Amino acid sequence: MSRTKIKEILHAKDPSSLAGKQVSVSGWVRTVRGQKSFAFIEVNDGSTLANLQIISEDAETIAQLQTGVSLTATGMLAQSPGKNQALEMQAKEIRVYGPCSAEKYPLQKKRHSFEYLRTIAHLRPRTNTQGAVLRIRSALAFATHLFFQQRGFIYVHTPVITGSDCEGGGEMFRVTTLENLARDPSEDFFGKKTFLTVSGQLEAEIVACALSDVYTFGPTFRAENSNTSRHLAEFWMIEPEMAFADLKADMECAQDYLQFCIRYVLENCMEDLQFFDKFVENGLLERLRHVAESPFAAITYTEAVDILKKAPKKFEFPVSWGLDLQSEHERYLSEEHCKKPVIVTDYPAGIKAFYMRANEDGKTVAAMDILVPKIGEIIGGSQREERLDILEAKIAALGLNREDYWWYLELREFGSVPHAGFGLGFERLVLFATGMENIRDVIPFPRTPGHADF
Ligand code: 4AD
Ligand code: MG
């Protein structure tokens, strides 16, 4: 008999119509309650948060069942007298695949800390929280493609191995086959120094300057030694890039995209969101509805600095025009001052990357960051410098090697267009949508300084 996913049973449009049907489900036992000859078995297959309750009256089978055991159960669905579920199964046959030692299996009934669960990342997906995180993560990835594809953006695959440092931070992992790193890079695999990419933006710009609207969605690497709850050494980034677009269009696209994602999970992941609202962040659903419905605030960097200077709050880091905003400042602006996501624009040129378009004032660039409550920066973007002479001067002033950017400069020489884009840190979006606190808990296999386990 072919397998039915538990979601199809418990989330059926009309569960009562399934009563009396014979089905086969497969999954892992969460709990067994009962006696030798009669047991309630809660089975989960990951398709949905809820377990299917299976009733067995076979003493021989019941004796083999423990938390963690994998099985296939075949039997009749019946309306459940219990108030937790509409349907349950009266098992006719249970086939056990893998036993699971009650003494050794760590995921017994009691709740474990998220920190401990990270040390057992091979079993962590079997917990309610991680299952819900992974389903929402998958839904947000799907919503991302849906949003951009519906708007006619072309999905491009930019390289993971690259020779250029897009963000200019020098926080790159070197990729090499040299045994001795003192050897000349010309002897290396690619005949030069190469790295894992920190952003697909520069390559996305190339394609946008031909296909107009494009987006990337791929793994991104940063060798920054930031042991915070918001940083990973390997994370996923979505980077749309639009030709014939300015900063205003960029801001609109970013807000629409964020709101689309939140609406998508509100419409498609309610069971998991209710779980997070109850056990992880009380008030999550209300917060998400507010984000989905109301327009974001927008202020300039200069206004942000004024607000922070007047804030009735002591910050650890100094606030002064020209200094970068720290996460405590970003959180104050969105959480306490605006009480919603806020787009901060027009940052000082000195604290932003080389490719951002110079503003008329000669001091600021057409940058925008979106800051959200609890997290701070979730999106960073800008209009790009499309004027060849200005970009050349900038590259020279920063002491960058012109040769490394010859193709980037040629894009400004051959049919240059105003264009803009942004990058969204996917794990920060998952944090935002679930209320989870630590970025290590929203990616199945986190990479952070000192940790590349599993
Ligand atoms: O602000 P960032 O560095 O911008 C760029 O990389 C641009 N090239 C984007 C563009 O315009 N196409 O990074 C973009 C976003 C941040 O706002 C943040 O959400 C996320 O990427 N991010 C990280 N997420 C997790 N761990 C890290 N170490 C991150 N660094 C950045
Ligand atoms: Mg940034």
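Every heavy atom of this structure was used, including side-chain atoms; hydrogens, water molecules and symmetry mates were not. As the structure lists them, so they are numbered: ligands from 1, and atoms in each ligand from 1. Since the structure is predicted, the reported quantities are computational estimates derived from the model, not experimental observations.
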Asks: Ring centroids only, cut at 6.0 angstrom: are Tyr332 and Phe315 within range, meaning strictly under it?
Replies: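 Ring centroids of Tyr332 and Phe315 are less than 6.0 Å from each other.
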
Asks: For Arg222, which part has a heavy atom under 4.0 Å from ligand 1: side chain, backbone, both, or neither?
Replies: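 The answer is the side chain of Arg222.
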
Asks: Is the shortest side-chain N to carboxylate O distance from Glu8 to Lys13 below 4.0 Å?
Replies: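 No salt bridge links Glu8 with Lys13.
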
Asks: Can an N or O of Arg384 be found at a distance shorter than 3.5 Å from an N or O of ligand 1?
Replies: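 The answer is yes, given that Arg384 and ligand 1 share an N or O pair closer than 3.5 Å.
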
Asks: Does an N or O from Gly381, backbone or side chain, lie closer than 3.5 Å to an N or O of ligand 1?
Replies: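 Between Gly381 and ligand 1 (N or O atoms, distance only) the closest approach is not under 3.5 Å.
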
Asks: Is the terminal nitrogen or CZ of Lys363 (NZ for Lys, CZ for Arg) located under 6.0 angstrom from the six-membered ring centre of Trp321 and within 45° of that ring's axis?
Replies: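 Output yes; distance and angle both within limits.
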
Asks: Just to check, does Glu427 reach to within less than 4.0 Å of ligand 1 when the distance is taken from its heavy atoms?
Replies: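 Heavy atoms of Glu427 never come under 4.0 Å of ligand 1.
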
Asks: Between Tyr405 and Phe354, does the ring centroid distance fall short of 6.0 Å?
Replies: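 Here the rings of Phe354 and Tyr405 have centres that are less than 6.0 Å from each other.
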
Asks: Looking at ligand 1, does any of its N/O atoms fall within less than 3.5 Å of an N/O of Gln201?
Replies: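 By distance alone, the answer is yes.
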
Asks: Report the part of Glu241 in contact with ligand 1, treating N, CA, C, O as backbone and CB onward as side chain, heavy atoms under 4.0 Å; options are side chain, backbone, both, neither.
Replies: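 Neither part.
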
Asks: Name of the Glu377 N, O or S atom nearest the Mg ion (ligand 2)?
Replies: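 Of all N, O or S atoms in Glu377, the Mg ion (ligand 2) lies closest to OE2.
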
Asks: Among all the protein's non-hydrogen atoms, which is closest to atom 9 (C) of ligand 1, and how far away is it?
Replies: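 So the nearest neighbour among protein heavy atoms is Glu239 OE2, 3.3 Å.
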
Asks: Any Lys/Arg nitrogen of Lys248 or Glu252 sitting under 4.0 Å from an Asp/Glu carboxylate oxygen of the other?
Replies: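 The answer is yes: the pair qualifies as a salt bridge.
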
Asks: Determine whether the aromatic ring centres of residues Phe244 and His419 are separated by less than 6.0 angstrom.
Replies: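 Centroid distance His419-Phe244: not below 6.0 Å, so no.
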
Asks: Are Tyr408 and Tyr355 an aromatic pair, judged by ring center distance below 6.0 Å?
Replies: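 No; Tyr408 has its ring centre 6.0 Å or more from that of Tyr355.
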
Asks: At under 4.0 Å between heavy atoms, is it the side chain or the backbone of Phe422 that contacts ligand 1, or both, or neither?
Replies: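 The answer is the backbone.
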
Asks: Measuring from atom 19 (O) of ligand 1, which candidate in Thr197, Asp250, Ile378, Thr220 has the nearest non-hydrogen atom?
Replies: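 Residue with the shortest heavy-atom distance to the ligand atom: Ile378.
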
Asks: Is it true that the NZ or CZ of Arg447 lies under 6.0 Å from the centre of Phe235's six-membered ring and within 45 degrees of the ring axis?
Replies: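 Checked: cation-pi criterion not met.
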
Asks: Of the backbone atoms (N, CA, C, O) and the side-chain heavy atoms from C-beta on, which set of Asp369 has a member under 4.0 Å from an atom of ligand 1: side chain, backbone, both, or neither?
Replies: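 Answer for Asp369: neither.
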
Asks: Polar-atom distance check: Ser199 versus ligand 1, any N or O pair below 3.5 Å?
Replies: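 Yes, at least one N or O pair falls under 3.5 Å.
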
Asks: Are any of the N or O atoms of Leu232 closer than 3.5 Å to those of ligand 1?
Replies: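 Checking ligand 1 against Leu232, an N or O pair does fall under 3.5 Å apart.
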
Asks: Do Asp277 and Asn282 get their side chains close enough for a donor-acceptor pair, meaning under 3.5 Å?
Replies: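 No.
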
Asks: Considering the options Phe260, Phe142, Phe153, Tyr155, which one meets the ring-ring contact (aromatic ring centres under 6.0 Å, His included) requirement together with Phe147?
Replies: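 The single option meeting the ring-ring contact (aromatic ring centres under 6.0 Å, His included) with Phe147 is Phe260.
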
Asks: Taking the non-hydrogen atoms of Arg230, is any one of them nearer than 4.0 angstrom to ligand 1?
Replies: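 Heavy atoms of Arg230 do come under 4.0 Å of ligand 1.
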
Asks: Indicate, as side chain, backbone, both or neither, the part of Tyr355 found under 4.0 angstrom from ligand 1 when only non-hydrogen atoms are considered.
Replies: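 Tyr355 to ligand 1: side-chain contact only, backbone stays beyond 4.0 Å.
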
